[in-house]
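Here's the structure, in C-alpha cells; my notes come after.
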Amino acid sequence: MSNYHIKHLEEYYQVYRKSIREPENFWEEVAEEHFMWRKKWDKVLSWDFSKPEVKWFEGAQLNITENCIDRHLTTRGDKTAILFEPNSPDEPAEHITYNQLYKRVNKFANVLKAQGIKKGDRVCIYLPMIPELAVSVLACARIGAIHSVVFAGFSSTALATRINDSDCKMVITSDGSYRGAKSIDLKGIVDDALEDCPGVKSVLVAKRIHSEISMTEGRDFWLQPLLDEASDECQAEIMDAEDPLFILYTSGSTGKPKGMVHTTAGYMVYTAYTFKNVFQYREEDIYWCTADVGWITGHSYIVYGPLANGATSVMFEGVPSYPDFGRFWEIVEKHKVTQFYTAPTAIRALAKEGVGHLEKFDLSSVKVLGTVGEPINEEAWHWYDDNVGKKKAPIVDTWWQTETGGIMITPIPFVTPTKPTYATLPFIGIQPALMDENGQEIKGNQVDGRLCIKFPWPSMARTIWGNHQRYKETYFSAYDNKYFTGDGALRDEVGYYRITGRVDDVIIVSGHNLGTAPIEDAINEHPAVSESAIVGFPHDIKGNALYGYVTLKEFGETRDHTNLRNEINQLITEQIGPIAKLDKIQFTAGLPKTRSGKIMRRILRKIASKDTSNLGDTSTLLNPEVVQDIIDNAL
Ligand code: 6R9
C-alpha cells in the first residue's frame, strides 16, 4: 500500500496533506493494513490537550509481541531478528532468528508469570546491551507487564529512585557487564539500590561476565535455570489499545526524573511506520542503531519499530573505541550494515580520531545514515557525509524526544533533499508550530520560535507516571492547546526546520536572543577545537554574557591560549556577529556529559555563575571527574 512506503517527494507532500486533512482516516488505513489486531477499534482518535487526554484506536485489542514476532513466523521464521555483536570482537556474533526469538520471549514470559508478575505490574530492567535486554522487554509486553528499562550505566541512587517512583516489583539484571576493556559490577549496583527499594520482591540475574556475586536467598534467582524449565509457549495477553506498554524515565536535567508512559497501539503503529519510511527499510536490509535500549531510541528503533517490520536489528554491546576507533566500521563491514543510526557525540568522537580507522573497512553496504539526540553541527555533518556515506548515503537528521515516542521531524532518504544541520520536514501526520513569547503562532517561513506540536500523533506519551499534573504543566501549559517540546527551532525559506537546541539553552545578551548551538558550531570549526559548550552568566550591562568551555584536540600543559581565544572570537564574530563573542573562554580537558552524551549545561551554568555550592546529583554523569577540574580552573 503506497501510504506505507513513501518513495518520492511528490508522494511525501501528497501523503502528508492527507494525513493532516484526514488524520483519522489516514492512521486508520495504516493500522488496518499492517498489523495484527485481536479486535479492531471503535474510534480512531479522541483528544483534549487541555486535560490533557489522548486516545488512539480506542476499543482495539492486540498484543505488540504478536505483531513483532508471531506474525513473522510463517514468512520469516528463519530470518535473523536480532543480530547480537558482543563487546569483544573475538566473541562470535549471535544470530537470533524470529523462530528463536519467539521461543526465548515465551520462555522468559513464563518465568515472569511463575514469579507472580501479572498484567499491569511494573518490572525494572537493568541490563547491558545483551540479547536478554530485548528479550525481557518483549517478555514483559507478552504478558502485559509494564517494563521500565533503566540504562545500565546509572548509579544505584538513580536506579533506586526510578524503581521506587513506579513501584517495580521485580528487577531483571545481570552479574555484570562489559564496556570496552572494563567490566562493571551491575549486580552490586542493584544490591545497593535495593537497600532502599522495599517493593522489589524478586531479582532475576542473567550470567554475562561470570563474576562472583552475592545472591540474596529467596529474592535473587539465576535466570538460566528458570528459563531451562519454562515452556516455550506463552499465550499473549490481550491488551487494550491504551494499556500502558512501558515507562521510560527522561534524563532529569531539572528536578526528579519523569517517568514517561507510553501505551500500546498508537506507539506500535507509529514506530513501525516511521521505521519503514525514515530508514527506507527493505526486507533484505541489515539495520544498526548504536543507541542503548536504555534510551527511547533503543526502545523504538532497536526493538519495537524494526521487529514490527520483520527487520534484522543489530544490537551492539560494546563501545566505539574498543578495541580501537575502527570498531563501528569493522562491524559495518562484517555484517554489511545498510542503515547506520548514531548520535552526533559519537560522530564527533570518531571524527577526532581521523579517517585512518575508516579507510581500513569496506562501508559500501551503507545506504542510509541517521543521527539523533542533539543538534548536529555542520562540521560533524560533513564529516559523516564525506567519510562514512561517501556522499552517497543520505543523512537523516531525526528530531524527536522520549515524550514523542517516535521520529517527528526528519528527512525521508532519497525523498527529501537534505541540508546540513536541518532536520528538514515534519514526518507524516506531524503538525509543528513555532510560537513567540506572547503565545502567538509565528506563520510563514524564515522565522524562528519555540517548537510546539498542534495535533496528537499516535506515539505521544500519555502521562507522567503518578503525576498527571506535572505532565500537564510541563508540556501543555506553556501554550494553549499545544504540546510544547522545550526546543527552539527555525524554519527556513522552503519550510525546513532546524532545531536550535533546548529553549533553556537560549541566552539573551543585550536583548539579543542567542542560541548556543550556532555559537558552538562556529567555535568547533576552529581546527584546534574538539568540542565546546556555551552558557550564560550574569553581566551588569548586558544582562547576560557568554562563557565558553572549550576542549581542544591536544590539550597540552598550558591553559593560557591568548591567541586561540582571539581566533575563536574572530570565528564567532564572522559567523554570527560581535554580539555573540565570548567574554570568557575556559579550556578544559572534557565537558560533563550525561550517559546519553548530552552536555550537562546546568552544571556549567552554575560554575560560570560562580555558584558551585549545590551542583545537584553528578553521580549519573559519564565523566564526573571533569567537574572538579573545571571548578578549579574556572575564570
Ligand atoms: C530521541 C531523543 C530529546 C531532546 C530534544 C532535543 C534533542 C534529539 C535531535 C535533537 C536536534 C536532533 N534532540 N534529536 N536536537 N536535532 N536530530 O534524543 O530523545 O533523549 O528525550 O532527547 O534531544 O533537544 O528535545 P531524548
Side-chain angles (χ1 to χ4, degrees), residues 149-151 153-154 247-254 257-260 262 267 270-271 274-275 278 289-302 304-305 341-348 369-378 380-381 384 395-411 416 418-427 430 432 448 450-453 459-461 464 474-475 478 483-490 496-506 515-518 520-521 533 593-602 620:
V149 181
V150 176
F151 174 62
F154 274 127
I247 299 167
L248 185 61
Y249 288 87
T250 57
S251 48
S253 48
T254 51
K258 296 175 288 206
M260 304 313 306
H262 283 282
Y267 176 82
Y270 193 78
T271 53
T274 46
F275 174 75
V278 174
C289 167
T290 69
D292 193 288
V293 172
W295 309 120
I296 191 67
T297 306
H299 280 60
S300 303
Y301 300 110
I302 293 177
Y304 289 114
Y341 190 27
T342 194
T345 181
I347 298 167
R348 288 195 296 266
L369 295 172
T371 153
V372 60
E374 56 179 317
I376 182 165
N377 51 304
E378 193 143 0
W381 196 97
Y384 202 30
I395 296 175
V396 289
D397 179 352
T398 63
W399 173 82
W400 59 296
Q401 310 176 294
T402 303
E403 296 86 337
T404 69
I407 293 168
M408 302 289 279
I409 300 182
T410 179
T416 319
T418 57
K419 177 173 175 181
T421 76
Y422 280 74
T424 76
L425 295 172
F427 189 73
I430 302 307
D448 63 89
R450 297 176 171 222
L451 181 61
C452 287
I453 313 290
S459 67
M460 63 190 294
I464 291 173
T474 311
Y475 304 107
Y483 166 80
F484 174 48
T485 65
D487 283 326
L490 60 83
Y496 274 16
Y497 288 85
R498 178 186 182 169
I499 311 304
T500 46
R502 301 296 304 181
V503 178
D504 40 24
D505 295 339
V506 170
T516 52
E520 290 161 8
D521 277 0
K593 292 198 180 162
T594 65
R595 300 279 177 170
S596 59
K598 291 194 176 71
I599 297 167
M600 276 286 241
R601 290 167 201 279
R602 180 172 59 78
T620 61

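Counting starts at 1 for both ligands and their atoms, in listed order.
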| request: Locate the shortest heavy-atom distance separating Leu451 from Ala489; write the atom from each residue and the value. | output: CB-CB, 4.3 Å
| said: Just to be sure I read this right, does ligand 1 sit under 4.0 Å from the backbone of Ile376, its side chain, both, or neither, counting only heavy atoms? | reply: neither
| Looking only at N/O atoms, are Gly373 and ligand 1 under 3.5 Å apart anywhere? | yes
| said: Can you name the atoms of ligand 1, numbered from 1 with element, that are less than 4.0 Å from a heavy atom of Thr402? | reply: 19 (O), 20 (O), 21 (O), 26 (P)
| query | Is the shortest N/O to N/O distance between Asp397 and ligand 1 below 3.5 Å? | reply | yes
| note | Per-atom filter on ligand 1: closer than 4.0 angstrom to a heavy atom of Thr398 are 9 (C), 12 (C), 14 (N), 17 (N)
| From the candidates Glu403, Met408, Lys598, Glu374, the one that places a heavy atom nearest atom 12 (C) of ligand 1 | Glu374
| said: Looking at ligand 1, would Thr250 count as a contact under a 4.0 Å heavy-atom criterion? | reply: no
| query | Can you find an N/O atom of Asp487 closer than 3.5 Å to an N/O atom of ligand 1? | reply | yes
| task | For the residue pair Thr402 and Tyr249, confirm or rule out a side-chain donor-acceptor distance under 3.5 Å. | result | no
| task | Report yes or no: do Tyr270 and Ser300 form a side-chain donor-acceptor pair below 3.5 Å? | result | no
| remark: Near Ile296 (heavy-atom distance under 4.0 Å), the atoms of ligand 1 are 1 (C), 19 (O)
| message | Between Thr371 and Ile395, is there a side-chain heavy-atom distance shorter than 4.5 Å? | response | yes
| said: Do Ile296 and Trp400 have side chains that approach each other closer than 4.5 Å (heavy atoms only, starting at C-beta)? | reply: yes
| request: Find the distance between CG (Asp397) and CD (Glu374) and round it off to the nearest 0.5 Å. | output: 10.5 Å
| message | So if I count the atoms of ligand 1 from 1 in the order they appear, which ones are less than 4.0 Å from some heavy atom of Val372? | response | 1 (C), 14 (N)
| So does Glu520 pair up with Arg601, basic N to acidic O under 4.0 Å? | yes
| query | Judged by modelled atom types alone, do Thr290 and Thr342 share a side-chain donor-acceptor pair under 3.5 Å? | reply | yes
| field | Contact atoms of ligand 1, heavy-atom distance to Thr297 under 4.0 Å | value | 1 (C)
| request: Work out whether the distance between some heavy atom of Trp295 and some atom of ligand 1 is less than 4.0 Å. | output: no
